[in-house]
Amino acid sequence: MIKKRLIEILSEVWSEIYPEVNIKNSFVVKEPPKNIDADYASNICFQGSKIIKTSPIKVAEEFIKKLESSESKKIISKVFIAGPGFLNFVLNREVFCSEILRVFTLKKYFDLNIGDGQKVLIEFVSANPTGPLHIGHARGAAIGDSLARVLKKVGFAVDKEYYVNDAGNQIDVLGKSLEIRYKQLLGEKIDLPDGYYHGDYITDVAKKLLSLDKKDLGLDFRKIILDEMVLVIKNDLKKFNIEFDNWFFESSIFEKNVENQSKLDEAIEVLKSRNYIKNVDGAWWLMTNDFGDDDKNRVIIRNDGRPTYFATDIAYHKNKLDRGYDYLVDIWGADHHGYVARLKASIEYLGNNPGKIKIILYHLVSLLRGGEKVAMSTRSGEFISLEEVIEEVGSDATRFSLLMRDGNSPLDFDLELAKKKTNENPVYYVQYAHARINSILKNAKNEKINTDFSEINLDFLSQNLSEKEDLILMKAILNYADVLVLCAKEFSSHHITGYLLDLAGKFHNYYAKHKIVDKENQNLTRTRLFICELLRQVFKDALELLGISAPESM
RNA sequence: GCGUCUGUAGCUCAGUUGGAUAGAGCAACUGCCUUCUAAGCAGUGGGUCAGGAGUUCGAAUCUCUUCAGACGCGCCA
């Protein structure tokens, strides 16, 4: 981590000049704008001048004097002031070379272990099992799955879980919908009422039942359709390259244990014993208003004794924590944002630090067809299924376009556009770069060029870097670590797509400018192939975090 | 009415504790395949960062305000 080293050096120099002024964490080191010919730049002099009230330029001059007499010369070959007082640094090439060799030999992009083996449960999708997944579910699915991969990468022990709402009224209605379709197929004249599920997939299941030749109306339609829908959803997710570690059924919250207590009873008991619920008008209310963020108290047990959805959800989250997870991550559509405060309150009331739960909201996807909004409803059976979209657009392209955006931004997904531009989708730009590199390495191998790089050392590498672009590529490879750390910090993987597009652009540019395999110059060829190999690894690694394939040829 | 989020190029969107001349893809236009994959490269045009005020060396980014849009404010799930 070169940046980190540079920050340390600057901090040290600063404390030598102004020992009484603490500058720590108040300045940045980043890459300068394109027009400035330096590796890194820092605003430390602005931050410093703010504190000690002199001009940034004066601070900068002082700073450079001190820097040049320090040990840092081994790393920094040139420093200069630019603009209103930025410090720009040119580093010795050996610094980049040794860092890149370290990455290559350790096969790790950074030495931090952010997660430190802590257990994280990430719950996402959790769509009602009343029909196939549609494109609206896909965003949460892509975001959750990718975040799980990123968190795993930075050292968390991650489990992915799907919460199946199999206990509510909607499943009863779903079961009845199947029963009516089944009877219709048997020739009965019954209409399927409004408010029942009208999708064709119900009829398909009914037909399947008929073909089993069990014309028995005593069938458990509710269970049959529920099992069938869970299978359908699993299958949809599989096509989207997502597999869950665990499927948690809401109904299990109501199951009694040997002491005749359900998970729900246990949760209510805890809340009662801690005096966070009270009875008003025959109903039990959780005092979420006291927590601060929520604006009113919430009913958890109705006055007829039935629990609300919120009560079940509290019991579910209590169960997650009971299973020993250090952190819980929930991925929700932004339409549930009003629910965040009360859930956090309940976590605290159960006796846990509400910081243990992280709720990621993503804006809903508006589905358009040729600029026109498409209304979707699972009940009416009018929706575009995820399966259809994957078939038309492809899983890779769908995931990439959903992951390109920050979850906080609303997103329009135009089917016509997505279909039409299949070959112009940014994902192919990135995949193409990977395929090209792969092909170069393969060709080199066929030409009997040595593609084993384990013996490349610092001297060889720094002597054979010939073009400015070699260094640009190396720096870009080293930046991957920062991107991963940023994604883990922000719980968002959309920085990866941006990074990949940038990296692909840099490679395509390089490819057009320089011939990588040059038989006249073996050392140069070897150096460039080495950089290609590293690029290939980074592309593959990053694409995998997005759940997108890295094709060897296209 | 209250609350959360959003408003950046014709379109879809990036922009990392405030930083130097605000970026990418698509769309439009101009060049580049006898040479490791043209799903590519190079270049041109395109901007009141929704409007206004403030904070400071410096604002797309922070504060206030106006406008526009999405969503939420159940003893629904």
Side-chain angles (χ1 to χ4, degrees), chain A residues 25-28 30 32-36 41-43 46-47 49-50 55-57 82-86 88 128 165 167-170 250 280-285 295-296 298-304 306-310 312-313 333-341 361 363-364 366 371 401 404-414 417 420-433 435-444 447 482-483 485-487 489-490 494-495 497-498 501-502 504-505 507-518 525 528-529 532 553-554:
Chain A
N25 297 329
S26 64
F27 66 97
V28 293
K30 50 164 62 175
K34 280 179 208 157
N35 59 321
I36 287 178
S42 179
N43 64 344
F46 292 109
Q47 304 303 335
S49 72
K50 208 179 274 179
S55 81
I57 301 275
F86 288 96
N88 287 280
N128 283 338
N165 293 108
N169 175 54
Q170 80 273 4
E250 184 189 2
V280 178
D281 301 334
W284 290 95
W285 298 67
D295 53 354
K296 55 177 94 160
R298 308 287 173 180
V299 170
I300 54 173
I301 307 289
R302 299 178 178 94
N303 56 18
D304 63 4
R306 284 158 47 238
T308 60
Y309 178 84
F310 183 36
T312 324
D313 217 19
D335 54 338
H336 291 91
H337 74 260
Y339 199 76
V340 173
L361 299 173
H363 268 64
L364 297 184
S366 329
S401 45
M404 257 178 22
R405 325 305 186 194
D406 180 354
N408 268 336
S409 289
L411 176 63
D412 286 347
F413 195 93
D414 194 312
L417 232 57
K420 206 163 60 185
K421 292 185 178 162
T422 295
N423 284 350
E424 289 148 22
N425 195 301
V427 72
Y428 298 103
Y429 186 72
V430 175
Q431 288 181 322
Y432 186 56
R436 260 185 162 175
I437 294 168
N438 210 72
S439 158
I440 292 165
L441 289 164
K442 212 170 79 191
N443 289 341
E447 302 271 337
D482 290 340
V483 175
V485 172
L486 183 65
C487 288
K489 206 176 81 189
E490 292 188 0
H494 81 277
H495 298 286
T497 54
L501 287 170
D502 182 66
F507 171 73
H508 286 311
N509 170 286
Y510 186 92
Y511 178 89
K513 250 185 216 167
H514 306 292
K515 189 109 168 112
I516 287 158
V517 174
D518 177 0
T525 300
R528 289 183 170 169
L529 284 173
C532 282
S553 66
M554 283 171 77

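Quick note on labels: first sequence line is chain A, next is B, and so on, each numbered from 1. The structure displayed is predicted, hence computed values, not measured ones. The figures that follow rest on heavy atoms only: side chains count, while hydrogens, waters and symmetry mates do not.
- In this pair, A:F310 and A:Y339 present their aromatic rings perpendicular. The plane angle is above 60°, beyond the 30 to 60° band.
- Taking atom C1' in both B:rC49 and B:rU44, the straight-line distance is 23 Å, to the nearest Å.
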Quick test: give all pairs of protein nitrogen or oxygen and nucleotides 71-73 of chain B nitrogen or oxygen below 3.5 Å, distance rounded to 0.1 Å.
from	atom 1	to	atom 2	distance (Å)
B:rC73	O3'	A:K296	NZ	3.2

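- For A:F86 and B:rA20, the ring-to-base geometry satisfies the stacking test (centroid distance below 5.5 Å, interplanar angle below 30°).
- The same atom, P, is picked in B:rU63 and in B:rU16; the two are 15 Å apart, to the nearest Å.
- Between the side chain of A:N408 and the base of B:rU6 there is no donor-acceptor pair of N/O atoms closer than 3.5 Å.
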N/O to N/O distances under 3.5 Å, protein versus nucleotides 29-35 of chain B:
from	atom 1	to	atom 2	distance (Å)
B:rU35	O2'	A:K515	NZ	3.3

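- Between B:rG74 and A:T308, no contact under 4.0 Å exists linking OP1 or OP2 to a side-chain N or O.
- The shortest distance between the side-chain N/O atoms of A:Y432 and the OP1/OP2 oxygens of B:rA39 is below 4.0 Å.
- For the P atom pair drawn from B:rU65 and B:rG3, the interatomic distance equals 10 Å after rounding to whole Å.
- Close to B:rA38, at under 4.0 Å from its OP1 or OP2, lies a side-chain N or O of A:R436.
- B:rC64 is paired with B:rG52 under the criterion used here, namely a Watson-Crick or G-U wobble arrangement in which both key atom distances are under 3.5 Å.
- In the interface, the side chain of A:K50 is paired with the base of B:rG58 through a donor and an acceptor atom under 3.5 Å apart.
- Within the structure, a side-chain polar atom (N or O) of A:Y429 is placed less than 4.0 Å from OP1 or OP2 of B:rC41.
- When both pairing distances are held under 3.5 Å, B:rG1 makes a Watson-Crick or G-U pair with B:rC73.
- Where A:D406 and A:D304 each meet RNA chain B at their nearest nucleotide, the meeting point lying more 5' is that of A:D406.
- Look at A:N43 and you won't find any side-chain N or O under 4.0 angstrom from OP1 or OP2 of B:rA20.
- Along RNA chain B, the nucleotide closest to A:E250 and the one closest to A:P33 are compared, and the more 5′ of them pairs with A:P33.
- When the C1' atom is used for both B:rG47 and B:rA60, the distance is 12 Å, rounded to whole Å.
- Between B:rC76 and A:R302, a contact under 4.0 Å exists linking OP1 or OP2 to a side-chain N or O.
- Residues forming a salt bridge (charged side-chain N to carboxylate O under 4.0 Å, His left out) with A:D304 (at least two apart in sequence, or on another chain): A:R306.
- Between the base of B:rC75 and the side chain of A:N303 there is a donor-acceptor pair shorter than 3.5 Å.
- Side-chain N/O atoms of A:N88 and base N/O atoms of B:rA20 include a donor-acceptor pair closer than 3.5 Å.
- Applying the 4.0 Å criterion to OP1 and OP2 of B:rC36, one finds that A:N438 has every side-chain N and O outside that range.
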